[in-house]
Amino acid sequence: MTTFAQPRPWTGPHVAGELPGPLSAELLARQDRRESSARTYPRHLPIALAEGRGSFVKDVDGNVFIDFLMGAGVLSLGHNHPELVAAVHRQLDLLTHGLDFPTPVKDEFTAAQLAMLPGDLGRRMKAHFCGPTGANAVEAAIKLCKTATGRGEVVSFRGGFHGSTHAAMALSGLVAAKEPVRNTMPGVHFFPYCSPSRCPDGPVPGSCAWDCAGQLERALTDELGGIARPAAVLLELVQGEGGVVPARPEFVRRLRALTRALDVPLVVDEVQTGGGRTGTWFAFEQYGIEPDVVVASKALGGLGLPVALILYDARLDTWAPGAHIGTFRGNQLAFAAGTEAVRVVRRDGVLENVRRRGRQIDGLLAPLAGLPWVREVRGRGLMWGVELADAGGRPAGERAAEVQARALRGGLIVERGGRDDRVVRLLPPLNVTADVVEDACALLLRAVTECGPDRFVPPVSGRYRPGT
Ligand code: PMP
């Protein structure tokens with residue numbers, strides 16, 4: 001049996017020797033023999049995890065890392081937040097699993113979630129608890145919209161990610177995952193996603209030169225456009241896995257107006273952006289729109305305990321009993337942690353911290369924007385990406401992998417995403433301190449800076465063209 005190394009202090013990142021360390025290497029090798037080849041994170045981040053505390057995680061060799069992966073955005077208040085842990089302990093003695101029966105803790109959780117909605121949405125929306133994954137909630141949202149409208153087509157956007165189940169995968173942009181799996185959900189139509197980081201400004205300030213919203217509008221209103229009126233338009237407001245790509249506000253507002261005019265439910269997938277990640281509880285609040293359906297999961301359980309739900313306009317509630325069931329819809333521990341998380345977020349001004357730390361990251365990473373092998377640094381709240389550029393004959397994705405590896409060796413865990421995995425992504429805990437942000441950004445600056453100059457040759461055109 002593996003024996004874990006003695007604990008080291010948690011004052012900051014500390015990496016001794018090569019990675020993986022010997023104990024991590026042993027667990028990774030065993031995992032390689034026993035587990036499927038579909039596993040992902042340990043391929044790029046070759047460590048075995050032992051223990052987490054706040055913004056830090058320790059591997060089994062005793063190396064301490066700043067963790068800006070945070071369980072892919074799940075651990076909104078960091079690892080093992082003591083008050084959330086205490087709430088879970090209290091609940092553990094009472095009840096752990098409740099199917100979809102009402103329970104006091106579920107009642108509190110539901111009230112807390114509805115109360116976080118802006119305006120009177122909390123009174124107009126209903127909640128449905130899904131199987132405890134983002135993908136399951138996406139499936140539920142689409143099923144709901146199909147049932148309510150009696151229609152079958154769905155509009156989704158290039159670059160989006162909505163999960164790995166059949167329908168969620170069909171709705172996602174990632175082509176490589178679909179190719180080996182035939183016959184995913186039919187009737188999905190992809191349209192271009194409008195973001196300032198993807199296309200130039202249009203003639204009107206805030207508008208897009210490619211008129212993405214107009215393309216959708218023309219397709220849906222043209223009697224020869226080929227697409228029957230859809231059951232839903234599904235959208236991420238900031239594409240997370242797609243490489244931290246925020247939608248242009250004007251685009252979102254036009255989508256809202258169009259879907260309203262055509263009586264098509266607008267579904268926002270806030271699985272990654274929800275729970276405060278972008279500086280408001282949900283990202284749609286910053287776009288000045290009211291969606292018909294909100295899909296949420298990841299951060300809602302606070303500690304990484306599984307929970308997923310859709311919040312939707314009550315007029316869509318046409319479902320028959322049992323229309324979307326699942327055994328694991330009633331994780332009482334997740335409800336306890338999630339309720340406590342909302343209390344802590346409100347009490348500690350966590351959303352304000354997200355905005356402040358976001359501005360801090362913006363300032364600290366600004367020097368990267370001047371490097372020829374960095375295409376863009378962008379983010380919202382505490383969701384940041386450094387997009388690398390093809391430069392010096394070297395593909396951006398390869399360089400991003402090296403940045404990730406160097407950051408890890410320095411003591412910082414970051415994720416990658418986007419086309420060719422060329423965006424280095426940061427998902428800090430929402431209550432991260434200024435000191436940790438400073439340390440993490442210093443490590444990232446070093447990693448990115450070290451990954452360029454030796455092999456850099458200025459590109460011929462002098463201007464990087466995104467391969468979207
Ligand atoms: N939607 C979005 C926007 C996501 O980022 C993810 C996961 N990264 C999902 C859906 C799928 O969530 P899950 O992995 O829990 O199924």
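Residues take their numbers from the sequence shown, with the count starting at 1. Because only heavy atoms are used, hydrogens play no part in the values below, and waters and symmetry mates are left out as well, while side chains stay in. Whatever order the structure lists them in is the order used to number ligands and atoms, beginning at 1.
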Determine yes or no for a side-chain-to-main-chain donor-acceptor pair under 3.5 angstrom, with K178 supplying the side chain and A170 the backbone.
yes
Just to be sure I'm reading this right: ignoring hydrogens, which of E270, Q272, K298 gets closest to atom 7 (C) of ligand 1? Compare them by their nearest heavy atoms.
K298
Salt bridge flag under 4.0 Å for residues D292 and R124:
no
Take atom 14 (O) of ligand 1 and look for protein heavy atoms under 4.0 Å from it; say yes if you find one, no if not.
no
The closest protein heavy-atom partner of atom 9 (C) of ligand 1 is V271 CG1, 3.7 Å
salt_bridge(E340, R343) N-O dist < 4.0 Å
yes
Among V436, L427, L382, which residue satisfies the side-chain contact (heavy atoms from CB on, under 4.5 Å) criterion with F68?
V436
Between D67 and K58, does any side-chain N to carboxylate O distance fall below 4.0 Å?
no
Got the closest protein heavy atom to atom 3 (C) of ligand 1, with its distance?
E236 OE2, 3.1 Å
Mark up the atoms of ligand 1 that fall under 4.0 Å of a heavy atom belonging to A135, in ascending order.
11 (C), 12 (O), 13 (P), 16 (O)
Short N or O distance, G134 and ligand 1, threshold 3.5 Å exclusive
yes
What residue and heavy atom of the protein are closest to atom 1 (N) of ligand 1, and at what distance?
D269 OD2, 2.7 Å
Is it the case that the ring center of F335 lies less than 6.0 angstrom away from the ring center of F129?
yes
Atom indices of ligand 1 within 4.0 angstrom of T133 heavy atoms, with elements
15 (O), 16 (O)
